[in-house]
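In what follows, a single structure is set out as C-alpha cells and then discussed.
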Amino acid sequence: MHVLRRPETSQGRLGFWESGDSAQTRTVEPEIVKAVRGIRGQRYYTAVFELIDLFAETNNDSKELPVDPRAFARARDLLERLPNGFAVPEIGIDPDGEIALDWIRSNRTLVSVSVGAFGNLSYAAHLRDGTAHGEIKLRDGFPPALTDVLRRLFHPA
Amino acid sequence: MAERARFLFQSNHFSKANEIVRPSAFLPRNGETSVFDIVDLEDADIRSVGDDVGVARGKPPKGRGEFQYDDAESVGLAFERDDIPPRHGNLVGWPDDGSELKARQKAVAVALSARAVLVLR
C-alpha cells in the first residue's frame, strides 16, 4: 500500500511523495506528479491538495478501488483547459476508479464529469433550465459540451 | 421524515460547503447502491445503524445522505430490501447496458444528489 502525504518542502515546487512498505521515501509514479504540476495559481494549489488528500484517504480504505494514475493525468489535462470564469471543481473518485470533477452551486444545481484513464469523459448536469448528459472524448481544447453546461450552471439565462 | 439513507465514509462523497451529497456517493457498484430503510428512526437510531455498518469498515460514517423513496423511484430506481443487516437493501434499476452507460448512470446519480439531504455527524 502506498500512502501519500503532503511534502514538507520541495524547493518551491509541490510534488507527491509516498511512503510504501519500506521505510524509504521515494517519488510516486511520474504520471501522478505530472498530473498536478501543470495546474497553475490558486487552481493549482487547490487541485494539488485535494488530490493528495484524496489519494491518502482512498489508499487507506481497502473498500475502495485503487486509483489509476492515468485518470489523474487526464483530469489534469481537463483542469488545465478549464476556461477562465469557471470555478475549480471539487475532486472525488467514482466507484469504478474514475476521477469525478463536480461543479456545485448552493441552489443544488450541479455538473458532474467523470474522467477515465483514456480521456473518456462522462458528464451529467442538473441545471435550472433542465438536465443534460453525454459522453465525449478529451481531445484538443476544453470540450464545447462541457463549456455549454458550465455556462448554464454559472450563468443561467 | 426521510425514508432511506446512504451512509458516507469518504469526505469526497459530499460537499460540506454546498451541503450536498455528491453523485459519486450514489453511483452503483456491481449494479446496486447500498442504502438503509430509516423509516420511523430517530437521529440517534440512524447513527447507531451507521456505526454498525462502520464496524466492518473500521471507521464510522462521516455522514449520510437522506432521501424519500419517491426520490429514488422518480429517477427510475427501486429499493430491494434484503435485511442483511436489518433494514439494509439496495437501490437497483440503474442503466446497465447500451451506449453512454456511465453518463446515463451519472444522470440518475446527479438527480438523486439534487434531491438528497446531507446529514453530517
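When reading the values below, keep in mind they use all heavy atoms of this one structure, side chains included, and skip hydrogens, waters and symmetry mates. Lettering follows sequence order; numbering is per chain, from 1.
Judged by distance alone, the side chain of B:D45 and the main-chain N or O of B:E42 form a donor-acceptor pair under 3.5 Å. Put simply, the side chain of A:D96 gets close to the backbone of A:E98: a donor and an acceptor are under 3.5 Å apart. With hydrogens and angles ignored, the 3.5 Å screen pairs a side-chain donor or acceptor of B:Q105 with a backbone N or O of B:P95. Panel note: side chain B:R64, backbone B:L118; no donor-acceptor pair is recorded below 3.5 Å. Remark: side-chain polar atoms of B:W94 are not paired, donor with acceptor, to backbone N or O of B:L77 under 3.5 angstrom. The backbone N or O of B:Q68 lies less than 3.5 Å from a partner atom in the side chain of B:D71, making a donor-acceptor pair.
With no hydrogens or angles considered, a side-chain donor-acceptor pair links B:H88 and B:D82 at under 3.5 Å.
Contact check on B:E100 versus B:K102 returns no salt bridge, with no Lys/Arg side-chain nitrogen under 4.0 Å from an Asp/Glu carboxylate oxygen. A salt bridge between B:R47 and B:D43 is present, with a side-chain N of the basic residue lying under 4.0 Å from a carboxylate O of the acidic one.
Using a 4.5 Å heavy-atom cut-off against chain A, no residue of residues 31-40 of chain B qualifies as contacting. Proximity to chain A at a heavy-atom threshold of 4.5 Å picks out B:V110, B:A111, B:S113, B:A114, B:R115, B:A116 from residues 109-116 of chain B, in numerical order. For a heavy-atom cut-off of 4.5 Å, chain B lies close to A:R108, A:L110, A:S112, A:V113, A:S114, A:S122, A:Y123 in residues 107-123 of chain A. Contact residues of residues 124-145 of chain A toward chain B are A:A124, A:A125, A:H126, A:H133, A:G134, A:E135 (heavy-atom distance under 4.5 Å).
The shortest heavy-atom contact between A:D102 and B:P23 is OD2-CD, 3.5 Å. Nearest heavy-atom pair across B:P60 and B:D51 is CB-OD1, 3.8 Å. Between B:G50 and B:P61, the shortest heavy-atom contact is O-CD, 3.3 Å. The two residues B:G65 and B:V21 make their nearest non-hydrogen contact at CA-CG2, 3.6 Å.
At least one cation-pi condition fails for B:R6 and B:F26: the charged atom is not both under 6.0 angstrom from the six-membered ring centre and inside a 45 degree cone around its axis.
The environment of CZ in A:R151 is sparse: at most 12 heavy-atom neighbours from other residues, nucleotides or ligands sit within 6.0 Å.
Looking at B:E19, the atoms closer than 4.5 Å to chain A (heavy atoms on both sides) all sit in the backbone: N, CA, C or O.
In this structure, B:S24 OG and A:I93 CD1 are separated by 8.5 Å, a value rounded to the nearest 0.5 Å.
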(request) Check step by step if salt bridge (Lys or Arg N to Asp or Glu O under 4.0 Å) holds for B:R87 and B:D83. (result) CA-CA 5 Å; B:R87 288 183 173 271; B:D83 277 321; over 6 Å; no
